[in-house]
Amino acid sequence: MICDGWWRLVRRVVPLVLTGCAVAQTPPPPASGASAPARDTETLHQRIREVVGDASCTSNAQCRTLPIGHKACGGPEGYLVWSSAGTSEGVLRGLVDQYNQARKRDVQQSGRVSDCSMMADPGARCDAGRCVPAGRASPAVM
């Protein structure tokens with residue numbers, strides 16, 4: 001089915017943001033027959049999670065979001081919640097840009113389609129010392 005790859009991604013990354021970016025399970029390693037773009041995407045995804053770390057914060061001002069992923073119709077698959085307190089913004093933005101380009105290539109090469117819905121940025125807030133999505137307008141994906 002065309003959406004299988006997308007659903008696998010969503011199932012892997014939704015827990016990451018919903019739990020404050022720290023306790024999501026590590027994605028399984030790519031199958032031995034996986035294509036190079038899929039491996040690149042997985043590697044970038046893992047690196048982004050390492051850079052974000054536990055997204056610790058002491059105030060709402062430290063909590064931020066970045067659009068992440070690429071839907072077939074355009075726009076992000078979701079939003080990454082992160083903390084400026086312990087994360088280099090330049091490094092993170094560079095990795096997210098690379099990841100977004102890799103996801104765009106994956107989508108284009110696979111011929112996948114999406115629901116074309118627009119994702120609203122949920123914003124972020126500091127809750128119990130960790131950055132979490134602030135709103136419920138759209139789920140944060142990663």
Side-chain angles (χ1 to χ4, degrees), residues 1-31 34-142:
M1 189 160 144
I2 292 174
C3 294
D4 283 347
W6 183 81
W7 281 113
R8 272 187 253 126
L9 176 68
V10 169
R11 283 192 306 255
R12 254 194 322 253
V13 296
V14 165
L16 180 64
V17 168
L18 297 180
T19 60
C21 303
V23 297
Q25 294 179 342
T26 301
S35 66
R39 283 191 299 266
D40 291 345
T41 303
E42 292 294 329
T43 301
L44 287 165
H45 179 259
Q46 179 63 33
R47 182 70 181 117
I48 289 167
R49 288 181 15 188
E50 291 169 1
V51 168
V52 168
D54 65 359
S56 62
C57 58
T58 57
S59 73
N60 287 336
Q62 295 170 326
C63 298
R64 315 257 172 92
T65 60
L66 281 174
I68 192 158
H70 178 80
K71 293 179 96 175
C73 293
E77 292 170 292
Y79 289 84
L80 171 68
V81 175
W82 63 284
S83 172
S84 64
T87 304
S88 166
E89 183 172 2
V91 169
L92 181 59
R93 282 187 183 274
L95 287 168
V96 168
D97 287 346
Q98 290 176 46
Y99 177 82
N100 291 348
Q101 289 302 313
R103 286 294 300 141
K104 184 175 183 177
R105 281 191 306 273
D106 290 350
V107 168
Q108 290 172 339
Q109 290 173 356
S110 71
R112 286 182 222 143
V113 295
S114 71
D115 60 11
C116 298
S117 64
M118 298 302 291
M119 294 291 230
D121 185 338
R125 63 184 170 86
C126 187
D127 184 17
R130 298 176 80 194
C131 292
V132 297
R136 297 180 185 240
S138 292
V141 169
M142 184 170 191

message: Please give me the minimum heavy-atom distance between Leu80 and Ile68, naming the atom from each residue.
response: N-CG2, 3.9 Å
query: So, does Asn60 use its side chain to make a donor-acceptor pair with the main chain of Arg125 at under 3.5 Å?
result: no
task: Test Cys131 against Cys57 for disulfide bond (SG atoms under 2.5 Å apart), laying out the working first.
output: CA-CA 6 Å; Cys131 292; Cys57 58; 3.9 Å; no
- prompt: Which heavy atom in Glu77 sits nearest to a heavy atom in Met119, and how many Å separate them?
  reply: O-CE, 2.8 Å
message: Thr65: which residues meet the side chain to side chain donor-acceptor pair (under 3.5 Å) condition with it, sequence neighbours left out?
response: Asp121
task: Using the side-chain contact (heavy atoms from CB on, under 4.5 Å) rule, take Val51 and Arg47 through it: C-alpha gap first, then chi angles, then the decisive distance, then the call.
output: CA-CA 6 Å; Val51 168; Arg47 182 70 181 117; 3.5 Å; yes
- line: Note: Ser56 and Ala85 closest approach over all heavy atoms is O-CB, 3.7 Å
message: Quick check against the 3.5 Å criterion: does Gln62 have a side-chain atom that pairs as donor or acceptor with the backbone of Ser59?
response: yes
- request: Could you pull out the closest heavy-atom pair between Ala124 and Cys63, with the gap in Å?
  value: CB-CB, 3.7 Å
field: Shortest non-hydrogen separation from Arg93 to Leu66 and the atoms involved
entry: NH1-CD2, 3.2 Å
Pairwise side-chain contact, Arg103 with Thr41, heavy-atom cut-off 4.5 Å (strictly under): yes
Distance, nearest 0.5 Å, that separates CD of Gln46 from CD of Glu50: 4.5 Å
- request: Check whether any side-chain N or O of Thr87 sits under 3.5 Å from a backbone N or O of Ser84 as a donor-acceptor pair, and report yes or no.
  value: no
